[in-house]
J.: 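Can you keep this structure in mind? I'll have questions shortly.
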Amino acid sequence: MDLDTSKAWGQASATVSANKEVLVALAGVFFFLPSLALALFFPQPEPPAGAEPKQLLEMMSAFYGQIGPYMAAATLVQVLGQLSVLTLTAQAGRATVGDAIRAAAGGLLPYLGAQLLVVLAAMVVFGVVAMLGAVSVALAVVAGLLVLIAAIWAAIRLSLIPVVIAVEGQRNPVAVLRRSWELTQGNAGRILLFVVILALAVLVISVVASAVVGIVLALVGGAETARIGSSVIAALVGAGFTVYTTICFAAIHAQLVGTAGSDQAVFD
C-alpha cells in the first residue's frame with residue numbers, strides 16, 4: 001500500500017501530545033542522559049592548527065578507540081529506550097512502563113543479532129571494494145559511490161527492524177530483517193524523503209539553538225559554561241528527535257500492515 005507520511009507524522013504528534021509526561025521521563029533516562037554524559041565526559045578533541053590529514057585521522061581514531069566502550073553502552077541504553085517506547089505505543093492501555101521496559105530488554109538480543117548480520121554483509125561488500133582498489137583506484141571510487149547509495153537504500157529498507165521486534169514480537173534476527181524488507185517494499189523513497197526532511201529540520205534547530213545558547217553562556221560564564229550549555233541543548237534536541245522518529249516509525253508500520261486506527265495512543 002502507498003504510505004502517507006503526513007498521516008504518520010500527525011499520528012505521532014498526537015501520541016506524543018497525549019503522553020507527554022511518560023515520554024519526557026523515558027526520553028530523559030534513555031536518550032537525553034546518555035547523550036549528555038558522552039558529550040560532557042568525552043568532548044571531542046580540538047585539532048591542532050595546521051594539522052595534516054594523517055594526524056587528524058590518528059587523533060580521531062585514538063579518541064573513538066578510547067570512548068568506544070562507552071558509546072556502545074550508551075547505544076544499548078538508547079536502543080532499550082526505543083524498544084520501550086515502541087512497545088508502549090503498540091500496547092497502549094495494556095502495558096505499563098515497567099512492562100514495556102521488560103519486554104524491550106527481551107528484544108535487545110534479536111536487535112543486536114539483526115544488526116550483526118547487517119554489519120557482516122557490509123564487511124563483505126567493503127572487502128570487495130577494497131579488492132577493486134588494488135586493481136584500479138578509479139574503479140574503487142565508482143564502486144564506493146555505488147555502495148554508498150546502496151547502503152542508504154538498504155538502511156531505509158531495514159529501518160523497521162526495531163518496530164518488527166517490539167510491535168510484532170519477532171525474535172528471529174533473519175526473520176526480522178526479511179519482515180522489514182518486505183514491509184518497506186515500494187515505499188523506501190517516501191520513507192527516505194520523510195527522514196531527510198525531519199533530520200534537516202532537527203539539524204537546523206540544533207545548530208541554531210546551540211549557537212545562540214553557546215554565545216549567551218560564553219558571555220556570561222566563559223567557554224566551559226558555553227560548552228556545557230550547548231551540550232545540554234544538543235542532547236535535548238536529539239532526545240526529542242529520537243522520540244518523534246521512533247513513534248513515527250510505529251505509525252508507518254501500522255499503515256504498512258493495515259492496522260492504523262486512532263489518531264493517538266494513550267499509555268498507562
Side-chain angles (χ1 to χ4, degrees), residues 12 16 19-51 53-86 97 101 104-105 108 111-112 115 118-119 151-152 155 159 161-162 195-249:
V16 171
N19 302 279
K20 291 189 292 291
E21 294 81 4
V22 174
L23 289 174
V24 165
L26 287 173
V29 172
F30 291 107
F31 307 140
F32 172 73
L33 288 178
S35 296
L36 182 61
L38 284 177
L40 292 182
F41 295 117
F42 301 99
Q44 285 196 356
E46 290 292 332
K54 183 179 179 181
Q55 291 176 296
L56 295 176
L57 181 60
E58 291 175 350
M59 182 179 68
M60 296 311 295
S61 296
F63 171 69
Y64 284 109
Q66 175 192 3
I67 72 169
Y70 303 100
M71 288 185 67
T75 301
L76 277 178
V77 172
Q78 292 175 333
V79 170
L80 179 62
Q82 283 185 292
L83 295 176
S84 299
V85 170
L86 288 168
V97 172
I101 294 174
L108 278 178
Y111 178 89
L112 293 175
Q115 295 298 335
V118 172
V119 169
I152 295 172
S159 59
I161 286 175
V195 171
V196 168
I197 292 173
L198 186 58
L200 287 176
V202 169
L203 178 62
V204 170
I205 293 171
S206 180
V207 169
V208 172
S210 296
V212 171
V213 171
I215 291 172
V216 172
L217 291 180
L219 294 174
V220 174
E224 182 63 17
T225 303
R227 184 182 75 83
I228 293 173
S230 296
S231 297
V232 170
I233 294 298
L236 280 173
V237 174
F241 173 73
T242 303
V243 168
Y244 266 96
T245 52
T246 299
I247 298 180
C248 279
F249 274 107

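Keep in mind that this is a model prediction, so the values were computed, not measured.
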J.: Where is the tightest heavy-atom contact between A39 and R227, given as atom of each residue plus distance?
T.: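 Looking at all heavy atoms of both residues, the shortest contact is O-NH1, 3.1 Å.
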J.: State which residues pass side chain to side chain donor-acceptor pair (under 3.5 Å) with Q55; sequence neighbours excluded, sorted by chain then number.
T.: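 For Q55 there are no side chain to side chain donor-acceptor pair (under 3.5 Å) partners, ignoring immediate neighbours.
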J.: Looking at CG of L56 and CZ of F63, how far apart are the two atoms once the value is rounded to the nearest 0.5 Å?
T.: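 Going from the CG atom of L56 to the CZ atom of F63 covers 14.0 Å.
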J.: Does Y70 have more than 12 heavy atoms from other residues, nucleotides or ligands lying within 6.0 Å of its OH?
T.: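 At most 12 heavy atoms, drawn from other residues, nucleotides or ligands, come within 6.0 Å of this atom.
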J.: For a 4.5 angstrom cut-off between non-hydrogen side-chain atoms, does L200 reach V204?
T.: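 No - every pair of side-chain heavy atoms lies 4.5 Å or more apart.
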J.: Can you confirm whether V97 sits close enough to L26 that some side-chain heavy atom of one is under 4.5 Å from a side-chain heavy atom of the other?
T.: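 In short, these two side chains touch, coming nearer than 4.5 Å.
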J.: So which atom in V237 and which in S206 form the shortest heavy-atom distance, rounded to 0.1 Å?
T.: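 Closest approach of V237 to S206: CG1-CB, 3.9 Å.
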J.: Taking salt bridge (Lys or Arg N to Asp or Glu O under 4.0 Å) as the definition, give me every residue that meets it alongside E58, ordered by chain and number, with sequence neighbours left out.
T.: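 Here no residue qualifies.
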J.: Which heavy atom of L83 sits nearest to which heavy atom of P162, and what is that distance?
T.: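 Where L83 meets P162 most closely, the heavy atoms are CD2-O, 3.6 Å.
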J.: Any non-hydrogen side-chain atom of L23 less than 4.5 Å from a side-chain atom of I247?
T.: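 SC-SC contact between L23 and I247 confirmed.
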J.: Taking only residues two or more places apart in sequence or in another chain, which ones pass side chain to side chain donor-acceptor pair (under 3.5 Å) with S35?
T.: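 Residues passing side chain to side chain donor-acceptor pair (under 3.5 Å) with S35: Q78.
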J.: Rounded at 0.5 Å granularity, tell me how far OG in S231 sits from CZ in F41.
T.: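 Going from OG on S231 over to CZ on F41, the span is 11.0 Å.
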J.: Quick check for you: to the nearest 0.5 Å, what is the distance between L236 atom CG and I205 atom CD1?
T.: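 One gets 12.5 Å once the value is rounded to the nearest 0.5 Å.
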J.: Of all the heavy-atom pairs spanning V243 and A27, show the shortest one and how long it is.
T.: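 Heavy atoms of V243 and A27 come nearest at CG2-CB, 3.6 Å.
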J.: Would you say Q82 and F30 make side-chain contact, with heavy atoms under 4.5 Å?
T.: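 The answer is no, as the side chains (C-beta and beyond) never meet within the 4.5 Å cut-off.
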J.: Got I233 and V212 here, is their nearest side-chain heavy-atom distance under 4.5 Å?
T.: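 In short, these two side chains do not touch, never coming nearer than 4.5 Å.
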J.: Please walk me through it: do T245 and V195 pass side chain to side chain contact (heavy atoms under 4.5 Å, CB included)?
T.: CA-CA 8 Å; T245 52; V195 171; over 6 Å; no
J.: Minimum heavy-atom separation for L217 to G229, with atom names?
T.: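 Reported closest heavy-atom pair: CD1-CA, 3.5 Å.
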J.: Which atoms form the tightest heavy-atom contact between P69 and G65, and what is the distance?
T.: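 Residues P69 and G65, closest heavy atoms: CD-O, 4.1 Å.
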